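Structure first, commentary second.
By convention in this document, chain letters (A, B, ...) are assigned in the order of the sequence lines, proteins followed by strands, and residues within each chain are numbered from 1. Nothing here was measured: the structure is a model prediction, and the numbers come from that model.
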Amino acid sequence: MPEGHSLKRAANMWNRNAGQIAHVSSPQGRFAESAALVDGHRFRGAWSHGKHLFLEFEPDYTIHIHLGLYGKHHQLPTPAPEPKGAVRMRVRFKNRTIDLNGPTRCEVLDKAGVQTVLDRLGPDPLKLDEAPAAFLERMAKLKAPVGKILMDQNEIAGIGNVYRAEVLFMRGLSPFKPAKDLSTEEWKKLWALTHELMSHGVEHSGGIETVYSGAPKPLGLPPVIKAACARRTYVYKRATQPCVICGGPVRAKDFYGRMLYWCPVDQPLPAGVVDPTGVTKSE
DNA sequence: GCCTTATGTTCAC
DNA sequence: TGAACCTAAGGCT
């Protein structure tokens, strides 16, 4: 599930091999030249920012990975079996081998190249438990809808379609509300909630869940939720199912090329704001 | 078993 | 705006 928490998990996995010599190859062939650059070098360690993963090698190489929608890591014992499918990169350590299949991006960068990637990314809510002041100042100016901004990696790095839908529902915010119309207090709460849910995601293996023991509760949620058992999300991928707060149908609509899920009753449009998808009737 | 769909981004038109 | 990337889970038969 490659939202930001998955990349943090991946970095943790890579770091179990930190300090070892890495034997880097390109079974699929598309990474051959780059693999030769770092093959045989010592692996220093891994870190992530948003949905981007960085692997550092001596003396000064960094492999930049973006999983995209399909990218997957496979952890294997050393010696590893024959590569399965299109393995872009295989890294053999003493006891473990890691295969990378189907990433959108896998490239070797120097320091300047890494900086160029980072310069394009907003702050990562997984790394900071409080929203940075510069971020809050910027949000106070943006006219674009909050549902679009949360997915914009240039503004805030690491949130994907699941967390977007869930945090907006849990805060009772319409995805169509302009970012600047959220108060600074609301932005702080939204950030803190995102930090909380994604941190849980780092610890929790398996799919994204926002309904779990000890999780923050959505605004307006009744003390007893009917039919909430076995539920992992409130609105994500629950189109037409009843909202846990009002019982009305959860809506789904393509929004800037991605499916948006929300409850039009519990995430009401403010007066004067038009739903660009045309689904929600403004009162 | 087959078909659809998806947690994402880049690039071509 | 749509295709490409390329994997795997889930729904269906």
Side-chain angles (χ1 to χ4, degrees), chain A residues 1-11 13 26-31 34 48-54 63-76 81-90 98-107 109 113 116-122 124-126 147-170 175 194 197-212 230-241 250 252-262 276-277:
Chain A
M1 327 291 165
E3 296 194 28
H5 68 298
S6 306
L7 281 300
K8 174 68 178 161
R9 285 182 69 85
M13 174 192 73
S26 167
Q28 176 205 33
R30 281 184 55 186
F31 188 61
S34 302
S48 65
H49 187 96
K51 301 169 189 170
H52 297 252
L53 175 66
F54 300 89
I63 296 181
H64 168 225
I65 293 168
H66 194 296
L67 294 177
L69 190 52
Y70 311 121
K72 294 267 187 298
H73 284 104
H74 294 287
Q75 212 177 176
L76 306 159
E82 283 299 300
K84 216 169 155 184
V87 177
R88 184 78 58 85
M89 176 177 78
R90 166 168 280 191
I98 297 174
D99 278 0
L100 177 68
N101 290 58
T104 284
R105 196 163 281 273
C106 178
E107 61 189 352
L109 299 177
T116 302
V117 174
L118 292 179
D119 286 345
R120 288 203 313 260
L121 297 172
D124 181 348
L126 199 46
K148 181 167 187 275
I149 296 298
L150 289 185
M151 290 281 277
D152 186 342
Q153 304 299 303
N154 304 319
E155 302 295 349
I156 180 167
I159 297 179
N161 209 16
V162 184
Y163 285 123
R164 165 179 71 171
E166 295 294 294
V167 295
L168 288 175
F169 175 80
M170 292 174 78
T194 305
L197 296 177
M198 291 182 78
S199 298
H200 172 79
V202 173
E203 302 304 320
H204 174 82
S205 64
I208 295 172
E209 57 175 25
T210 55
V211 186
Y212 55 91
R231 175 185 287 271
R232 295 213 301 192
T233 58
Y234 290 106
V235 290
Y236 175 73
K237 244 182 178 180
R238 304 189 83 93
T240 74
Q241 294 179 34
V250 170
K253 181 84 180 173
D254 187 275
F255 184 57
Y256 295 100
R258 304 300 301 281
M259 198 57 80
L260 174 66
Y261 301 87
W262 83 105
T277 70

Checklist entry - Looking only at side-chain N and O atoms, does A:Asn101 come under 4.0 Å of OP1 or OP2 in C:dC6? => result no
Checklist entry - How far does the P atom of B:dG1 sit from the matching atom of C:dC6, given to the nearest Å? => result 26 Å
Checklist outcome for this item: Hits for salt bridge (charged side-chain N to carboxylate O under 4.0 Å, His left out) against A:Arg30, two or more places apart or cross-chain, chain-then-number order -> none
Item to check | Residue list, salt bridge (charged side-chain N to carboxylate O under 4.0 Å, His left out) with A:Arg9, at least two apart or on another chain | outcome: none
Item to check | Whole-Å distance separating the NZ atom of A:Lys237 from the P atom of B:dT7 | outcome: 7 Å
Next on the checklist: Using the P atom as the point on both nucleotides, what is the distance between B:dC2 and C:dC5, in whole Å?
Outcome noted: 23 Å
Next on the checklist: Need one value for A:Glu166: base, sugar-phosphate or nothing, where a base atom within 4.0 Å counts as base even if backbone is also close, heavy atoms only.
Outcome noted: nothing
Item to check | Separation of C:dT7 C1' from A:Leu100 CG (nearest whole Å) | outcome: 12 Å
Write out a two-atom table: protein N or O, nucleotide N or O from nucleotides 9-13 of chain B, distance below 3.5 Å.
unit_1 : atom_1 : unit_2  : atom_2 : d
B:dT9  : OP1    : A:His66 : NE2    : 3.4
B:dT9  : OP2    : A:Lys51 : NZ     : 3.4

Checklist outcome for this item: Taken in chain and number order and not counting sequence neighbours, the residues that satisfy side-chain contact (heavy atoms from CB on, under 4.5 Å) with A:Leu109 are A:His64, A:Glu107, A:Val114, A:Val117
Next on the checklist: In whole Å, measure the gap between the C1' atoms of C:dA8 and B:dT10 for me.
Outcome noted: 22 Å
Item to check | Test salt bridge (charged side-chain N to carboxylate O under 4.0 Å, His left out) applied to A:Glu209 - qualifying residues, sequence neighbours left out | outcome: none
Checklist entry - Closest to the A:Leu69 side chain: C:dC6, C:dT7, B:dG8? => result B:dG8
Checklist entry - At under 4.0 Å, does any side-chain N or O of A:Arg164 touch on OP1 or OP2 of B:dT7? => result no
Next on the checklist: Tell me every residue that passes side-chain contact (heavy atoms from CB on, under 4.5 Å) with A:Lys8, counting only those two or more places apart in sequence or in another chain.
Outcome noted: A:Asn12, A:Ser48, A:Leu126, A:Val202
Checklist entry - Whole Å only: how far is the CD atom of A:Glu107 from the P atom of C:dC5? => result 18 Å
Item to check | Length of the CG-P vector between A:Asp99 and C:dT7, whole Å | outcome: 11 Å
Checklist entry - Listed by chain and number, what are the ring-ring contact (aromatic ring centres under 6.0 Å, His included) partners of A:His74, not counting sequence neighbours? => result none
Checklist entry - Atom CZ of A:Arg30 and atom P of C:dA4: how far apart are they, to the nearest Å? => result 14 Å
Checklist entry - Which whole-number value in Å describes the distance from A:Leu260 CG to B:dT7 C1'? => result 15 Å
Next on the checklist: Taking C:dT1 as the reference, what is the distance to B:dT7 when you measure between their C1' atoms (whole Å, please)?
Outcome noted: 22 Å
Checklist entry - Taking the inter-plane angle between the rings of A:His200 and A:Tyr212 on a 0 to 90° scale, is it parallel (under 30°), tilted (30 to 60°) or perpendicular (over 60°)? => result parallel
Item to check | Protein-nucleotide distance (A:Met259, atom CE; B:dT4, atom P), rounded to Å | outcome: 16 Å
Next on the checklist: Mind checking if A:Gly71 touches a base, just sugar-phosphate, or nothing, with heavy atoms under 4.0 Å?
Outcome noted: nothing
Item to check | Atom of A:Met170, atom of A:Leu197 and distance for their closest heavy-atom approach | outcome: SD-CD1, 3.8 Å
Checklist entry - Can you tell me if the side-chain N/O atoms of A:His74 get under 4.0 Å from OP1 or OP2 in C:dA8? => result yes
Item to check | Where A:Arg164 and A:Asn161 come nearest, the two heavy atoms and their spacing | outcome: NH2-OD1, 2.7 Å
Please list, for nucleotides 1-3 of chain B, all pairs of protein and nucleotide N/O atoms separated by less than 3.5 Å.
none

Next on the checklist: Measuring to OP1 and OP2 of B:dT7, would you say a side-chain N or O of A:Tyr236 lies under 4.0 angstrom away?
Outcome noted: yes
Checklist entry - B:dA6 P sits how many Å from A:Tyr163 OH, rounded? => result 19 Å
Checklist entry - Can you list the residues that meet the salt bridge (charged side-chain N to carboxylate O under 4.0 Å, His left out) rule with A:Asp99, with sequence neighbours excluded? => result A:Arg90
